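All remarks here apply to the structure that follows.
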Number of protein chains: 2
Amino acid sequence: MNIGQAAAASGISAKMLRYYEEIGLMPRAGRSPAGYRRYTEADVQTLRFIRRGRDLGLSLERIRLLVGLWHDRDRSSADVKRIALEHVAELDGRIAELTAMRDRLRALAGSCHGDQHPDCPILEELETGRPAAAGPRGRARRAVPAAAPAG
Amino acid sequence: MNIGQAAAASGISAKMLRYYEEIGLMPRAGRSPAGYRRYTEADVQTLRFIRRGRDLGLSLERIRLLVGLWHDRDRSSADVKRIALEHVAELDGRIAELTAMRDRLRALAGSCHGDQHPDCPILEELETGRPAAAGPRGRARRAVPAAAPAG
DNA sequence: GATGGGGCTTCCCATCATGGGAGGGTCAAG
DNA sequence: CTTGACCCTCCCATGATGGGAAGCCCCATC
């Protein structure tokens, strides 16, 4: 199989196949007399393993470890599980961060009129670091009553 | 103010101050006779604005737009709000992705014994792309590529 | 005046995973 | 023999940030 076929069969671009070889995630592929990389079915299976790992958000470093364990008959499932749970913990952290950002920004956007006037609590908070005080815009409306489910 | 003071006052590293200048996010700073960058209080306020934007996860490109609106007396808050909501939408998407990954990986980890045996549904799913069938624990279990009897 | 330490300058490199493209060789079909 | 698809290597770019080298500047202390 040439690199194009292996790429199509695994769902990983040819570019990445070469890169994975370069960083040692994949073993060096065999070569045709003309220098073309040749891939076996086993290679493709490893590539699919890698792609599924990427689909789960795993870093190539963690995938490298998992491939090693996969090929190790004497592995302990505890090692595999530990790697998975480390990644779960990182995902949790990242999700918490992003969620906090989203909630804060969504609340700010919720209190912004979004009309043709320049007044904007989003800019005010970016400027001052403090929540914008309800200003004298139009008829004294405070920053949106409890109705807004933004949070 | 030299770059170090501006960095300390804004919470952005000196390295980043130079970078923001290079990409045109900050105007070119004035220079002392010796070539040192000089920063004003107004510069520091802009830098703090930028930092707060970064704290909300905004890209430097979006921050650039927001800084422009901030300095534009004729802005419409609608423009600001639109940018904010675009970012909220991206955060939502990213959060959904990460959450899906986390849930899937957590479920896999939950079904892994995590002991000294090699059997591991995490590796099985990475290998086959299908949830591992609950099988007999111990012996006769091949988890190495080559001859996958998955027919 | 000399010296030392810390701050500043520019320039280059690294991250992480991926894509784009140039310039050139190879292969299979017409 | 030509054509077009494929492959090769090498370089560059992304986004935001950090690290570090080599060299200049400033100030305080001796």
Side-chain angles (χ1 to χ4, degrees), chain A residues 1-26 28-39 43-44 47-67 86-87 90-91 93-94 97-98 101, chain B residues 1-26 28-39 43-44 47-67 86-87 90-91 93-94 97-98 101:
Chain A
M1 224 180 313
N2 283 343
I3 198 170
Q5 276 117 38
S10 65
I12 295 180
S13 71
K15 209 89 186 189
M16 280 301 103
L17 291 208
R18 298 194 192 96
Y19 175 65
Y20 291 170
E21 179 177 330
E22 188 192 320
I23 65 171
L25 175 56
M26 285 291 291
R28 252 172 277 182
R31 298 289 181 129
S32 77
Y36 284 20
R37 286 177 181 77
R38 317 247 60 163
Y39 292 88
D43 288 329
V44 169
L47 287 169
R48 282 203 267 250
F49 183 102
I50 292 171
R51 184 182 50 71
R52 292 190 192 104
R54 293 295 297 139
D55 290 347
L56 288 172
L58 291 158
S59 69
L60 295 183
E61 269 321 301
R62 284 216 172 94
I63 290 174
R64 188 201 301 270
L65 297 175
L66 289 174
V67 170
E86 280 171 13
H87 187 55
E90 286 182 13
L91 288 171
R94 191 85 189 106
E97 267 182 25
L98 296 184
M101 290 173 178
Chain B
M1 224 179 312
N2 283 343
I3 198 171
Q5 276 117 41
S10 65
I12 295 180
S13 71
K15 209 91 185 186
M16 280 303 102
L17 291 208
R18 297 194 192 96
Y19 175 65
Y20 292 170
E21 179 176 329
E22 187 191 321
I23 66 172
L25 175 56
M26 286 290 292
R28 252 172 277 181
R31 298 289 180 130
S32 77
Y36 285 20
R37 286 177 181 77
R38 317 248 56 164
Y39 292 88
D43 289 328
V44 169
L47 287 170
R48 283 202 267 250
F49 183 102
I50 293 171
R51 183 181 51 70
R52 291 190 192 105
R54 293 296 296 138
D55 289 347
L56 288 172
L58 291 158
S59 70
L60 295 183
E61 268 321 301
R62 283 216 172 95
I63 290 174
R64 187 201 303 271
L65 297 176
L66 290 174
V67 171
E86 280 171 13
H87 187 55
E90 285 182 15
L91 288 171
R94 192 85 190 107
E97 268 182 24
L98 296 184
M101 290 172 178

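Lettering of chains follows the sequences in order, A, B, ..., and the numbering in each one begins at 1. On a predicted model such as this, the values are computed, not experimentally measured, just so you know.
Residues passing the side chain to side chain donor-acceptor pair (under 3.5 Å) test with Arg52(B), sequence neighbours excluded: none. By the side chain to side chain donor-acceptor pair (under 3.5 Å) test, Arg38(A) is found to be paired with Asn2(A), residues two or more places apart in sequence or in another chain being considered. For Tyr20(A), there are no ring-ring contact (aromatic ring centres under 6.0 Å, His included) partners, not counting sequence neighbours. The salt bridge (Lys or Arg N to Asp or Glu O under 4.0 Å) test applied to Glu86(A) returns Arg62(A), Arg82(A), not counting sequence neighbours. Evaluation of the side-chain contact (heavy atoms from CB on, under 4.5 Å) rule for Arg28(A) yields Glu21(A) as partners, not counting sequence neighbours. For Tyr39(B), there are no ring-ring contact (aromatic ring centres under 6.0 Å, His included) partners two or more places apart in sequence or in a different chain. Annotation: side chain to side chain donor-acceptor pair (under 3.5 Å) contacts of Arg48(A) (sequence neighbours excluded): none. By the side chain to side chain donor-acceptor pair (under 3.5 Å) test, Arg18(A) pairs with no residue at all, sequence neighbours left out.
The closest side-chain heavy-atom distance from Val67(A) to Arg64(A) is not below 4.5 Å.
The CD atom of Glu21(A) sits 12 Å away from the P atom of dC10(D) (whole-angstrom rounding). Distance CD1 (Ile50(B)) to P (dT17(D)): 10 Å, rounded to an integer number of Å. Going from atom OH of Tyr19(A) over to atom P of dC8(D) covers 18 Å, rounded to whole Å. In this structure, Arg38(B) atom CZ and dC26(D) atom C1' are separated by 11 Å, rounded to whole Å. In this structure, the CD atom of Glu97(B) is 14 Å from the C1' atom of dA17(C), given to the nearest Å. Atom pair Arg18(A):CZ and dC11(D):P shows a separation of 15 Å (rounding to whole Å applied). Summarising the geometry, the separation between CG on Asn2(B) and P on dC27(D) is reported as 10 Å, rounded to the nearest angstrom. As rounded to whole Å, 13 Å separates atom P of dG19(C) from atom CD1 of Ile3(A).
Taken residue by residue, residues 59-67 of chain A places heavy atoms nearer than 4.0 Å to DNA chain C at Ser59(A), Leu60(A). Within residues 28-36 of chain A, the residues having any heavy atom closer than 4.0 Å to DNA chain C are, in order of number, Ala34(A), Tyr36(A).
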Give the dot-bracket line for DNA chain C from 5' end to 3' end: parentheses for intra-strand Watson-Crick or G-U pairs under 3.5 Å, square brackets for crossings, | for inter-strand pairing, dots for unpaired. ||||||||||||||||||||||||||||||

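Using a 4.0 Å heavy-atom criterion, one finds that Arg54(A) contacts the sugar-phosphate atoms exclusively. Using a 4.0 Å heavy-atom criterion, one finds that Arg37(A) contacts the sugar-phosphate atoms exclusively.
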Please tabulate the protein-to-nucleotide N/O contacts below 3.5 Å involving nucleotides 18-22 of chain D, giving atom names and distances.
residue : atom : partner  : partner atom : Å
dG18(D) : OP2  : Ser13(B) : OG           : 3.0
dG19(D) : N7   : Lys15(B) : NZ           : 3.0
dG19(D) : O6   : Lys15(B) : NZ           : 2.8
dG20(D) : O6   : Lys15(B) : NZ           : 2.4

